[in-house]
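One structure is given here, and the rest of the page talks about it.
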Amino acid sequence: MKRRVRLSTAFVSFLLLLLTPAPARALDEPERLWLVGERASADGLHLLARRALEQLVQRYPADRHAGEALLLLGKTRLALGEAESALDAFRRAQTVTPPPGRSLEAKFWEGEALFRLKRYAEARAAYDAVVRTDAASPLAPDALYGFAWSELELGQPAAAAAAFSELLKAWPEHPLAPSATFYLGRALVEDKRPAEALPHLEGFVQKHPGHKLAPDARYLLGWARVQTGDARAGLADLRAFADRNPSHPLAPAARRLMLETMVRSGDRDDLQEAYRALMAQSPPTPEGLADAAAVAGRLGRQKDQEAAWRRLRSQFPSHPLSRRAALELAGAAFKRKEWKETVTYAQAAAESDEDAVRAEGWLLAGEAELKLKRWPAAEKAFESTLAVKSLDAGIRYRALAGLGLAHEEQREWRAALTAYEAVAGKSPDAELRAWATERAAAVRTRLG
């Protein structure tokens, strides 16, 4: 209510000044325009302020308020999202003698406008000019903060960290100090210096638990601890962050890092917790189910691993991870000598867009078809294997060996001999070469 009354008063004042007949005015025109612009800007009436200030600087460029009006006009335009025209006003203000505002204020705001325009290299130069020219300026800490942020945006985390550190040493009690502490930690993380980031992130979390950047700091703290080998403390930080901020943009990354950490360095209890969490995800994701299968594999729980693969196949049949799961299931079925199940899963894997998965799928299908004595189907599967581009040598010669056997069983002696001789001559597997040499000799005997 107070804000509403304040705005109403400013608006009425503006109208009275604007509508008062000229002979009765106590103020001349430039003074009236300055007063309206200044009061409207102070009350957040930026459109009105801009209109009055633009009239002042255009019609009365030599007025005593012209420099201040240019500076205030730039701030007003910046508040309205007009960064390009604001930049023009700030640069014009710097040509006025004496310069308006506080020491180097127009230069500082030039940097702010350039930063809004994402012209970070120019913004960095403007901020730097403020700090180098007058380190005692009231705006020097803000300029150094803007300089550091420009370095971050330019992908220079080491330079950004140095600037944030300088700000904290020179002005430890400045209102920007908490944010600078967080961004110093973030810059060190981005510069792959997690051990150096830790004390800054720890201090920020302890001193500023209610700060708007506290959730981000907790995430980075967990990440840094994991990277420095303190997996247990890192997991605790990441879990606290994810539990308290489930909708935060970094929450999915935190959960994934937790799982990766538990799989890589967690104990058996951590792995079991990870498996349960992954299988209970709602809604489920193909990545989560694939991770659950990997965790179950680490635990040596084959049935749970296959359950995760089957669920992945059932719920996301066309996903690339589903094709890989089909290949894993085909391999497991082959070990159990369940040939028909092997063929079913292997053919599903063979539909993959990945050459390696497709080749292994066809190879397993062919080898299972041999066990089932379905020679034409085996022959087709091995030929499909050999048709895959970028084929691994081991896969190629296993497929040629299987193709030779399928031809031999169908009494296609010449085709069988060609396949066997290729394996015997070039396979990297000595045992497979010996077997192919023996089969080639037997086929030659058949050919008499």
Side-chain angles (χ1 to χ4, degrees), residues 293 297 302-303 305-314 317-318 320-389 391-424 427-429 431-447:
Q302 182 69 28
K303 289 184 178 180
Q305 186 175 43
E306 291 190 31
W309 283 332
R310 287 194 176 91
R311 188 172 167 195
L312 173 54
R313 288 281 307 135
S314 171
S318 301
L321 289 174
S322 179
R323 305 298 185 198
R324 295 184 196 177
L327 183 61
E328 298 287 357
L329 287 166
F334 193 91
K335 290 178 182 177
R336 294 194 301 270
K337 299 182 180 182
E338 295 176 356
W339 314 124
K340 290 183 179 180
E341 186 176 338
T342 300
V343 171
T344 299
Y345 284 123
Q347 288 178 343
E351 295 176 9
S352 173
D353 292 330
E354 299 178 62
D355 285 349
V357 176
R358 189 163 66 254
E360 287 192 57
W362 279 124
L363 179 65
L364 270 176
E367 290 176 342
E369 295 287 14
L370 286 178
K371 297 293 185 181
L372 292 166
K373 299 184 179 182
R374 300 194 303 212
W375 319 121
E379 180 182 332
K380 181 180 177 181
F382 291 128
E383 287 174 345
S384 296
T385 305
L386 295 167
V388 175
K389 295 179 181 179
L391 197 59
D392 176 77
I395 299 293
R396 175 182 295 280
Y397 290 106
R398 276 176 61 191
L400 279 168
L403 182 60
L405 194 54
H407 283 312
E408 183 180 355
E409 291 293 347
Q410 296 177 85
R411 298 178 179 274
E412 297 167 353
W413 310 118
R414 291 287 179 188
L417 182 59
T418 300
Y420 288 144
E421 287 178 338
V423 177
S427 173
D429 184 333
E431 187 176 344
L432 189 61
R433 283 200 310 272
W435 176 87
T437 300
E438 181 183 328
R439 295 312 313 149
V443 170
R444 287 193 196 96
T445 300
R446 287 282 189 175
L447 287 169

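Given the structure is predicted, the values throughout are model-derived calculations rather than measurements.
- Formation of a donor-acceptor pair under 3.5 Å by the Arg433 side chain with backbone atoms of Ser427 is found in this model.
- Annotation for Leu386 and Leu391: closest pair CA-CD2, 4.0 Å, computed over non-hydrogen atoms.
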May I have the step-by-step check of side chain to side chain contact (heavy atoms under 4.5 Å, CB included) for Lys373 and Glu409, ending in yes or no?
-> CA-CA 9 Å; Lys373 299 184 179 182; Glu409 291 293 347; over 6 Å; no

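- Summarising the geometry of Gly361 relative to Ala346, their closest heavy-atom pair is O-CB, 3.2 Å, with the distance given to 0.1 Å.
- In this structure, Ser384 contributes its side chain and Lys380 its backbone to a donor-acceptor pair below 3.5 Å.
- Here Ser322 contributes atom OG and Arg310 contributes atom CZ; the two are 12.5 Å apart, rounded to the nearest 0.5 Å.
- Taking Glu383 as the reference, nothing meets the salt bridge (charged side-chain N to carboxylate O under 4.0 Å, His left out) condition, with sequence neighbours excluded.
- When all heavy atoms are compared, the tightest approach of Ser314 to Pro317 is O-CD, 3.8 Å.
- Nearest heavy-atom pair across Leu364 and Gly331 is CD1-N, 3.8 Å.
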Is there a side chain to side chain contact (heavy atoms under 4.5 Å, CB included) between Asp429 and Tyr397 once you walk through the steps?
-> CA-CA 9 Å; Asp429 184 333; Tyr397 290 106; over 6 Å; no

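- Residues passing the salt bridge (charged side-chain N to carboxylate O under 4.0 Å, His left out) test with Glu351 are Arg323, sequence neighbours excluded.
- Among all heavy-atom pairs drawn from Ala424 and Ala436, the shortest one is N-CB, 3.7 Å.
- The distance from the CD1 atom of Ile395 to the CD atom of Glu360 is 4.5 Å, given to the nearest 0.5 Å.
- Under the ring pair (Phe, Tyr, Trp, His ring centres under 6.0 Å) criterion, Trp413 pairs with no residue, sequence neighbours left out.
- Taking all atoms of both residues into account, the shortest heavy-atom contact from Ala440 to Leu417 is O-CD1, 3.7 Å.
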Which pairs of donor and acceptor atoms, one on a side chain in residues 400-407, lie under 3.5 Å apart (sequence neighbours left out)?
| from | atom 1 | to | atom 2 | distance (Å) |
| --- | --- | --- | --- | --- |
| His407 | ND1 | Glu412 | OE1 | 2.4 |

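- Evaluation of the salt bridge (charged side-chain N to carboxylate O under 4.0 Å, His left out) rule for Glu408 yields Arg439 as partners, not counting sequence neighbours.
- Every ring pair (Phe, Tyr, Trp, His ring centres under 6.0 Å) that Trp339 has, sequence neighbours left out, goes to Phe334.
- Applying the salt bridge (charged side-chain N to carboxylate O under 4.0 Å, His left out) criterion to Arg358, with sequence neighbours excluded, gives Asp355.
- Within the structure, salt bridge (charged side-chain N to carboxylate O under 4.0 Å, His left out) contacts touching residues 361-371 (residues at least two apart or in different chains) are Glu367-Arg398, Glu369-Arg374.
- The side-chain hydrogen bond (donor to acceptor under 3.5 Å, both in side chains) search around Arg336 returns Glu306, Glu338, Glu341, not counting sequence neighbours.
- Within the 4.5 Å cutoff, no side-chain heavy atoms of Gln347 are placed close to those of Tyr345.
- The ring pair (Phe, Tyr, Trp, His ring centres under 6.0 Å) check on Phe382 picks up nothing, with sequence neighbours excluded.
- The distance from atom CG of Asp392 to atom OG1 of Thr385, rounded to the nearest 0.5 Å, is 12.0 Å.
- For Arg324, the side-chain hydrogen bond (donor to acceptor under 3.5 Å, both in side chains) partners two or more places apart in sequence, or in a different chain, are Glu354.
- Arg444 is linked by a side-chain hydrogen bond (donor to acceptor under 3.5 Å, both in side chains) to Glu421, counting only residues two or more places apart in sequence or in another chain.
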